[in-house]
Amino acid sequence: MPFKIATWNINSVRLRLPIVQRFLEEHQPDVLCLQETKCPDDQFPYSGFRKLGYGHIEIHGQKGYHGVATISRRPLEVVERRSFCGLIDCRHLSTLVDVDGRRVLLHNFYVPAGGDEPDPEINPKFRHKLDFLQEMREVRPAGEANTGSILVGDLNVAPLETDVWSHKQMLNVVSHTPVETEGLETVREGGGWVDVMRQHIPPEEKLFTWWSYRARDWVLSNRGRRLDHIWSSADLASALGRIEVLRDARGWDRPSDHVPVIAGFG
DNA sequence: ATGGTGGTCATACCA
């Protein structure tokens, strides 16, 4: 410690490489967890990260869809590339990083978006999302006393009323339906995970990490959602220094629809 | 109720 970790759904790592590099240069996290890399493993742009000092890169990617990557200045060890719901989708990667003698287990997640119709009976993508959240309950902080745990990623659920622009108007919209918000809270509470973004920023305050590409003017309408999350084990949560949601990145050149979230521990 | 934009990969599919 100190240890700085960031998470960002970048919606194509190859197309977005210039702004990811800009982010790394300006914010210098120890570890960056990416989601929606949309990149086969043999085409991952390793050198673009290595030349910035991020020489430790572990990936779990596939052609066209999904894909996660964990990019680090400190040595990393892969723990697991886990498949969920019996599918080959690349949506998870866990790694172990040594932070000045203390071990930190990092889970990098990309939870299914769930399609448009919030009814598992008629929408298989929503069924898949609910099943995925159910299976995620098995993911808990490491049991060892000398190992802290962090879970980050695009969880595609905005759990609190203030995590969406309008709770009332979003109640039947995928990402904020009760079955999803309760499902995600069960995962978090069951594991004893702490929502460190909300530990730092009071739940009364609106907080978004994603703004749709489809808005005419995302700043003016500000119809955002908090879909990206950083959770930690209780021991690490007590060492939380700061949280930053890099809203500015939504206005960068050829942006992702998600912005980076950074947590500093220790 | 509809379509709005942006990604992959070359056609629809996904977000």
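Below, read A as the first sequence line, B as the second, and so on, with proteins coming before strands; counting in each chain starts at 1. Scope of the values below: all heavy atoms of this structure, side chains included, with no hydrogens, waters or symmetry mates.
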Say you pick atom C1' in B:dC13 and the same atom in B:dA1; how far apart are they, in whole Å? 23 Å
How close or far is atom C1' of B:dA15 from atom CD1 of A:Ile10, stated in whole angstroms? 13 Å
Could you check how far CG of A:Asp89 sits from P of B:dA15, rounded to whole Å? 9 Å
Counting runs of three or more consecutive pairs, Watson-Crick or G-U wobble, with each distance below 3.5 Å, where are the stems of DNA chain B? B:5-8 with B:12-15
Answer with yes or no whether the side chains of A:Arg73 and A:Gln28 bring together a donor and an acceptor at under 3.5 Å. yes
Under the salt bridge (charged side-chain N to carboxylate O under 4.0 Å, His left out) rule, what do A:Glu25 and A:Arg22 come out as? Steps first, then yes or no, please. CA-CA 5 Å; A:Glu25 286 173 336; A:Arg22 173 179 173 181; over 6 Å; no
In whole angstroms, how far is the C1' atom of B:dT8 from the NZ atom of A:Lys63? 9 Å
Between P of B:dG3 and CZ of A:Arg214, the distance in whole Å: 11 Å
Nearest-Å distance for atom pair CD/P, residues A:Glu36 and B:dA15: 7 Å
Applying a 4.0 Å non-hydrogen cut-off, can you work out what A:Arg223 is touching in the nucleic acid: base, sugar-phosphate, or nothing? nothing
Could you walk me through whether A:Arg82 and A:Glu138 pass the salt bridge (charged side-chain N to carboxylate O under 4.0 Å, His left out) test, one step at a time? CA-CA 12 Å; A:Arg82 180 167 173 162; A:Glu138 297 165 16; 2.4 Å; yes
Interatomic distance where CD belongs to A:Gln62 and P belongs to B:dA15 [whole Å]: 11 Å
OP1 or OP2 of B:dG7 versus the side-chain N and O atoms of A:Arg254: is any pair under 4.0 Å? yes
Short of 4.0 Å, heavy atom to strand atom, which residues of residues 112-131 of chain A count as contacting DNA chain B? A:Ala113, A:Lys125
Please report, rounded to the nearest Å, how far the C1' atom of B:dG7 is from the NE2 atom of A:His258. 12 Å
Below 4.0 angstrom from OP1 or OP2 of B:dG3, is there any side-chain N or O of A:Arg216? no
Aromatic contact between A:His107 and A:His92, with the criterion being ring centroids under 6.0 Å apart: yes or no? yes
Does A:Arg223 pair with A:Asp217 as a salt bridge, N-O distance under 4.0 Å? no
Could you tell me how far B:dA12 sits from B:dT2 if I compare only their P atoms? Round to whole Å. 23 Å
Going by the rule side-chain contact (heavy atoms from CB on, under 4.5 Å), which residues pair with A:Arg250 if we only count those two or more places apart in sequence or in a different chain? A:Trp211, A:Tyr213, A:Trp218, A:Pro255, A:Asp257, A:Val259
Can you check the A:Lys38 NZ to B:dC13 P distance for me, whole Å? 15 Å
Nearest-nucleotide wise, let me know which of A:Gly64 and A:Ala215 is further upstream toward the 5' end of DNA chain B. A:Ala215
Checking A:Ser12 against A:Arg254: is there a side-chain donor and acceptor pair closer than 3.5 Å? no
Using a side-chain heavy atom cutoff under 4.5 Å and only I, L, V, M, F, W and Y, what cluster partners does A:Tyr54 have? A:Trp8, A:Ile10, A:Val13, A:Leu17, A:Ile19, A:Val20, A:Phe23, A:Leu24, A:Leu32, A:Leu34, A:Phe44, A:Tyr46, A:Phe49, A:Leu52, A:Ile57, A:Ile59, A:Ile71, A:Leu246, A:Trp252, A:Ile262
Which nucleotide in B:dA10, B:dA15, B:dG7 has an atom nearest any side-chain atom of A:Tyr110: B:dA15
Distance check, P atoms only: B:dG6 and B:dA10, in whole angstrom units. 22 Å
Side chain of A:Tyr65 - closest among B:dG6, B:dA15, B:dC13: B:dC13
Under the ring-ring contact (aromatic ring centres under 6.0 Å, His included) rule, what pairs show up with a residue in residues 118-162 of chain A, not counting sequence neighbours? A:Phe84-A:Phe132
Show me the donor-acceptor pairs, under 3.5 Å and distance only, between side chains in residues 140-156 of chain A and residues at least two apart or in other chains.
residue, atom, partner, partner atom, Å
A:Arg140, NH1, A:Gly190, O, 2.6
A:Arg140, NH2, A:Gly190, O, 3.3
A:Thr147, OG1, A:Arg103, NE, 3.3
A:Ser149, OG, A:Ala142, N, 2.8
A:Asp154, OD1, A:Asn156, N, 3.0
A:Asp154, OD2, A:Asn9, ND2, 2.9
A:Asn156, ND2, A:Val111, O, 2.8

Measuring from the side chain of A:Ser12 (C-beta onward, heavy atoms only), which nucleotide among B:dG6, B:dC14, B:dT8 has the closest atom? B:dT8
